[in-house]
Amino acid sequence: MDPQLDPMKDDLPLMANTSYMLVKHYVLDLDVDFKSKVIEGSIVLFFETGSQHRKNSSTGRECCQSEFDQSHKMRASEPCHVPVTNVSACSSKMEYNGFAVSGEGEEDTSDENGNHSNSEQASGISSSEDCCDRENHGNQDFVLVLDCCDLSVLKVEEVDVAAVSGIEQFTRPAKLTDVSKELGNLRNHIVHELVALPAKRWEEQLCCFTHCSQAPGCGELPFATGPWSLEIRKPGIGTPADFPHAIRIWYKTNPGGRSVAWTTDQSGRPCVYTMGSPINNRALFPCQEPPIALSTWQASVRAAAGFVVLMSGENSAEPVQLPEDILSWYYYVSMPMPASTFTIAVGCWQEVKQQSFTAAIPTNTEFSLPSVQADFSWHEAMCGHVGYPCRFQNPAVSWQAVIPHRVFSPCCLVELCEERLLPLIPQCLSAAFSTLGTHPFSRLDVLIVPSNFSSLGMASPHIIFLSQSVLPGGSHLCGTRLCHEIGHAWFGLAIGARDWTEEWISEGFATFLEDVFWARAQQLSLEEVKGQQELKALLRWRRLRDEVQNSEEELQVLRPNKESTGELSESGASVVKYGLKAEKIFMQVHYLKGYFLLRSLARTAGEASFLLSLRKFVRKFHGQLVLSQDFLCMLLEDIPKQKKSGLTVESIFQNWLDTSGIPKYLRTVGKPKMVLIQCSP
């Protein structure tokens with residue numbers, strides 16, 4: 001662990017100044033070395049000027065085509081294809097000095113790991129507290145701040161995207177004034193035009209990102225690393241609009257970095273994976289962590305033959321053989337997501353081959369919801385998110401109850417996965433589809449992760465991690481946990497919390513929906529459903545009671561920022577309250593209080609009406625970030641019964657979300673009661 005990091009701090013800082021510059025796309029090009037326990041390579045970040053400081057006149061909307069033609073001899077535009085492997089123009093094996101150029105004549109201040117101090121005198125970069133106002137002072141450089149820790153940053157450089165063959169399609173003719181400035185504006189204009197391509201051209205966009213990421217550098221950028229951030233500047237550039245919009249960072253992870261775990265699987269073979277760290281992915285790659293920084297990404301990852309690379313990508317990657325017994329794996333996503341959802345697992349995983357199995361979609365009319373045909377009419381409505389190739393607007397997948405899926409595990413657990421896990425996936429996917437409609441993601445991998453995994457499961461786009469603990473003891477534990485993680489595809493991933501302190505928006509919804517999905521997957525009768533769910537509610541109530549009695553009150557509040565929830569500083573930086581508090585990692589209060597709030601709302605509205613409202617909420621808010629009031633306002637307007645009951649958003653805040661302890665409703669009429677049940681095996 002970096003000695004500068006203070007493990008006693010409760011709040012997790014989100015340092016990135018996203019209000020000034022916003023990452024739109026990442027291109028990662030990495031090598032995984034199990035001998036040194038290091039992931040090393042480069043990442044190219046493509047930016048747009050942030051909402052606080054857009055300056056159209058400086059982004060080169062009228063660009064220098066004549067100088068472009070003189071300085072960059074362009075070949076005719078060639079057909080473009082998304083690569084299977086990203087062969088960077090600058091090899092990840094190139095030699096480095098171990099430090100970045102901090103300005104001519106300046107002294108190298110890097111430590112033995114290649115990290116730079118955050119000293120103003122040494123680096124010329126002020127602390128992150130005041131860099132957000134740098135644009136307002138003509139004699140100071142703008143500083144780009146990224147979230148970063150436990151990384152050795154080797155070099156930062158501007159990428160000359162104007163040198164890419166065929167890129168002239170993103171330029172426009174104009175008269176030159178200042179050649180050097182106009183060239184910088186031209187590069188930024190190219191990036192702007194590239195990230196602004198419409199969703200229907202996503203494949204072309206992905207291809208152009210690949211080619212631009214392979215362009216040569218055109219100047220190193222001074223940088224400094226702090227305990228939680230990487231700060232980058234370009235001398236003489238005072239505004240975000242003029243700052244390079246495509247930069248390449250060469251770096252390597254540290255063996256003790258907290259975003260990934262280096263361990264062995266249950267068969268004793270080495271592996272590494274993102275284990276859901278409280279610090280998210282900032283120790284895996286420099287990024288913008290705030291959830292508002294929704295971005296797409298693509299990654300080429302190389303590892304020794306025998307290892308399988310799984311990632312949260314849309315495609316089912318097939319490895320490409322490289323020299324020296326190395327395999328390269330390429331993944332991408334076209335749906336903008338927070339950087340925290342990026343997931344990787346590299347190990348000697350073995351695919352559990354899918355047997356011929358057809359899951360029956362539940363037909364129990366006693367418990368069935370309105371048909372997904374009711375959902376089809378909403379396909380005509382425009383989505384509210386930024387443009388991307390959205391499955392909710394694709395009629396071809398509207399009736400896809402079971403998306404393509406694969407299962408991977410250590411070799412010693414393959415037979416158990418084939419017996420216990422494989423048959424459940426189609427049933428659970430069908431149940432989820434019959435409840436909420438269109439699957440937000442096109443495919444699913446399920447991986448049984450090593451035994452050091454501290455949870456029962458973790459969901460990321462296109463991939464779910466499951467603990468080996470869910471496999472023994474029949475189908476119930478495995479099925480309910482699988483349903484919980486599948487529920488996150490809608491709540492937590494397709495719809496995210498705008499403020500990470502509102503975890504209940506993800507975990508409370510997934511806990512509530514796991515009961516609905518699992519009952520449908522089992523095709524239980526109405527009586528069996530009621531008995532099973534009452535028993536679960538009773539067990540959860542007891543767990544909540546015990547947790548409330550044995551935890552700090554401040555950790556029991558679902559909306560700890562109260563009326564300040566969702567607010568950011570001028571720069572976009574913020575903190576996640578109690579995000580680093582050790583006790584919080586093991587608490588279930590956001591799961592349980594969130595679940596009981598939704599259960600009480602469902603009882604007031606009627607379960608069928610409530611679930612239909614959930615589906616409507618998904619249709620309206622998928623691909624977006626929300627706050628609690630977004631859901632509550634829609635629900636109260638949508639269901640008259642809620643209004644008649646006297647419920648308001650303010651009363652729900654006061655009684656459920658903004659206070660500690662067990663809500664009064666749960667201590668009285670809403671307290672689950674013991675019931676005698678007889679469920680199907």
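Values in this document were obtained by computation on a predicted structure and should not be read as measured data.
Electrostatic pairing of Asp11 and Lys577 does not count as a salt bridge here, judged by no charged N lying under 4.0 Å from a carboxylate O. Under a 4.0 Å N-O distance rule, the pair Glu48/Lys24 does not qualify as a salt bridge. The pair Arg391-Glu314 does not count as a salt bridge, with every side-chain nitrogen at least 4.0 angstrom from each carboxylate oxygen.
Side-chain atoms of Asp147 and Pro286, non-hydrogen and from C-beta on, never get closer than 4.5 Å to each other. Between Gln400 and Val397 there is a side-chain heavy-atom pair separated by less than 4.5 Å. Between Trp228 and Leu12, some side-chain heavy-atom pair lies under the 4.5 Å cut-off. Counting heavy atoms from C-beta outward, Met458 and Ile464 have side chains that stay 4.5 Å or more apart. Side chains of Pro461 and Phe342 form no contact here, defined as non-hydrogen atoms less than 4.5 Å apart. Taking 4.5 Å as the limit, some side-chain heavy atom of Asp499 sits within range of a side-chain heavy atom of Leu627. Within the 4.5 Å cutoff, the side chain of Asn655 has no heavy atoms near those of the Lys664 side chain. Side-chain contact between Pro278 and Ile585: present, with at least one pair of heavy atoms (C-beta onward) separated by less than 4.5 Å.
No hydrogens or angles considered: nothing links the side chains of Trp500 and Ser574 as a donor-acceptor pair under 3.5 Å. Using modelled atom types and a 3.5 Å distance limit, the side chains of Gln532 and Gln522 yield a donor-acceptor pair. Looking at His590 and Glu502, their side chains never bring a donor and an acceptor atom within 3.5 Å of each other.
Within 6.0 Å of the NZ atom in Lys620, the count of heavy atoms belonging to other residues, nucleotides or ligands does not exceed 12. For Gln549, the CD atom sits in a packed shell: over 12 heavy atoms of surrounding residues, nucleotides or ligands are nearer than 6.0 Å. Annotation for Gln654: atom CD does not count as buried by contact number, only 12 or fewer foreign heavy atoms lying within 6.0 Å. Within 6.0 Å of CG on Leu444 lie more than 12 heavy atoms contributed by other residues, nucleotides or ligands.
In this structure, the side chain of Lys593 does not engage the main chain of Trp504 through any donor-acceptor pair within 3.5 Å. Of the possible donor and acceptor atoms, none in the side chain of Ser229 sits under 3.5 Å from a partner among the backbone N and O of Glu231. Between the side chain of Thr341 and the backbone N or O of Pro338, at least one donor-acceptor pair lies under 3.5 Å. A donor-acceptor pair is defined here as one N or O able to donate and one able to accept, closer than 3.5 Å; no such pair exists between the side chain of Thr511 and the backbone of Tyr595. Not a single donor-acceptor pair under 3.5 Å links the side chain of Ser651 to the backbone N or O of Leu647. Not one N or O on the side chain of Ser660 forms a donor-acceptor pair closer than 3.5 Å with the backbone of Gln556. Of the possible polar contacts, one joining the Ser312 side chain to the Thr343 backbone as a donor-acceptor pair under 3.5 Å is found. Judged by distance alone, with hydrogens and angles left aside, the side-chain atoms of Glu485 form a donor-acceptor pair with the main-chain N or O of Ala459 at under 3.5 Å. A donor-acceptor distance shorter than 3.5 angstrom exists from the side chain of Gln288 to the backbone of Val23, with no hydrogens or angles considered. The backbone N or O of Leu22 lies less than 3.5 Å from no partner atom in the side chain of Thr18, so there is not a single donor-acceptor pair.
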Exercise. In sequence, state the C-alpha distance, the side-chain angles, and the governing distance for Trp518 and His476, and then conclude on side-chain hydrogen bond (donor to acceptor under 3.5 Å, both in side chains).
Key: CA-CA 9 Å; Trp518 184 232; His476 183 78; 3.1 Å; yes
Practice problem: Could you walk me through whether His25 and Ser295 pass the side-chain hydrogen bond (donor to acceptor under 3.5 Å, both in side chains) test, one step at a time? | Solution: CA-CA 5 Å; His25 189 76; Ser295 59; over 6 Å; no
Practice problem: Could you give me the CA-CA distance, side-chain angles and deciding distance for Ser551 and Glu583, then say whether side-chain hydrogen bond (donor to acceptor under 3.5 Å, both in side chains) is met? | Solution: CA-CA 8 Å; Ser551 63; Glu583 306 95 290; over 6 Å; no
Quiz item: Run the side-chain contact (heavy atoms from CB on, under 4.5 Å) check on Thr274 and Leu284 step by step: do they pass?
Solution: CA-CA 9 Å; Thr274 46; Leu284 177 58; 3.9 Å; yes
Practice problem: Start with the C-alpha distance between Lys562 and Asp658, add both sets of side-chain angles, then the distance that settles salt bridge (Lys or Arg N to Asp or Glu O under 4.0 Å), and finish with yes or no. | Solution: CA-CA 6 Å; Lys562 298 182 171 60; Asp658 292 355; 5.8 Å; no
Self-check item: Thr501 and Arg559: CA distance, side-chain angles, deciding distance, side-chain hydrogen bond (donor to acceptor under 3.5 Å, both in side chains) verdict
Solution: CA-CA 6 Å; Thr501 61; Arg559 209 173 68 118; over 6 Å; no
Self-check item: side-chain contact (heavy atoms from CB on, under 4.5 Å) between Ser628 and Leu657, worked out
Solution: CA-CA 9 Å; Ser628 295; Leu657 302 182; 3.8 Å; yes
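We find the CD-CG distance between Gln427 and Leu482 to be 10.0 Å, quoted to the nearest 0.5 Å. Between the CG atom of Asp638 and the CZ atom of Phe617 there is a distance of 11.5 Å, given to the nearest 0.5 Å. Taken to the nearest 0.5 Å, the CZ atom of Phe465 stands 4.5 Å off from the CD1 atom of Ile463. Interatomic distance, Asp150 CG to Arg258 CZ, rounded to the nearest 0.5 Å: 4.5 Å. The line from CG of Leu580 to CD1 of Ile279 is 8.5 Å long, rounded to the nearest 0.5 Å. Atom OG1 of Thr438 is separated from atom CG of Asn394 by 9.0 Å, given to the nearest 0.5 angstrom.
In terms of heavy-atom proximity, Gln533 sits nearest to Ala519 at NE2-CB, 4.3 Å. Across every non-hydrogen atom of Leu555 and Lys581, the tightest pair is CD2-CD, 3.5 Å. Minimum heavy-atom separation, Pro440 to Ala489: CG-O, 3.5 Å. What you find for Arg603 and Glu534 is that their closest heavy atoms are NH2-OE2, 2.5 Å. Taking all atoms of both residues into account, the shortest heavy-atom contact from Pro290 to Gly572 is CG-O, 4.3 Å. The two residues Leu513 and Leu611 come nearest to each other via the heavy atoms CD2-CD2, 4.5 Å.
For the pair Arg540 and Phe596, the cation-pi criterion (under 6.0 Å, within 45° of the ring axis) is not fulfilled.
No close placement of the Phe631 and Phe621 rings is indicated, their centers lying 6.0 Å or farther apart. The aromatic ring centroids of Phe512 and Phe610 lie less than 6.0 Å from each other.
Between Phe392 and His622, the angle of the ring planes stays under 30°, which puts this pair in the parallel group of the 30/60° scheme. Using cut-offs of 30° and 60° on the angle between ring planes, the pair Phe509 and Phe491 is parallel.
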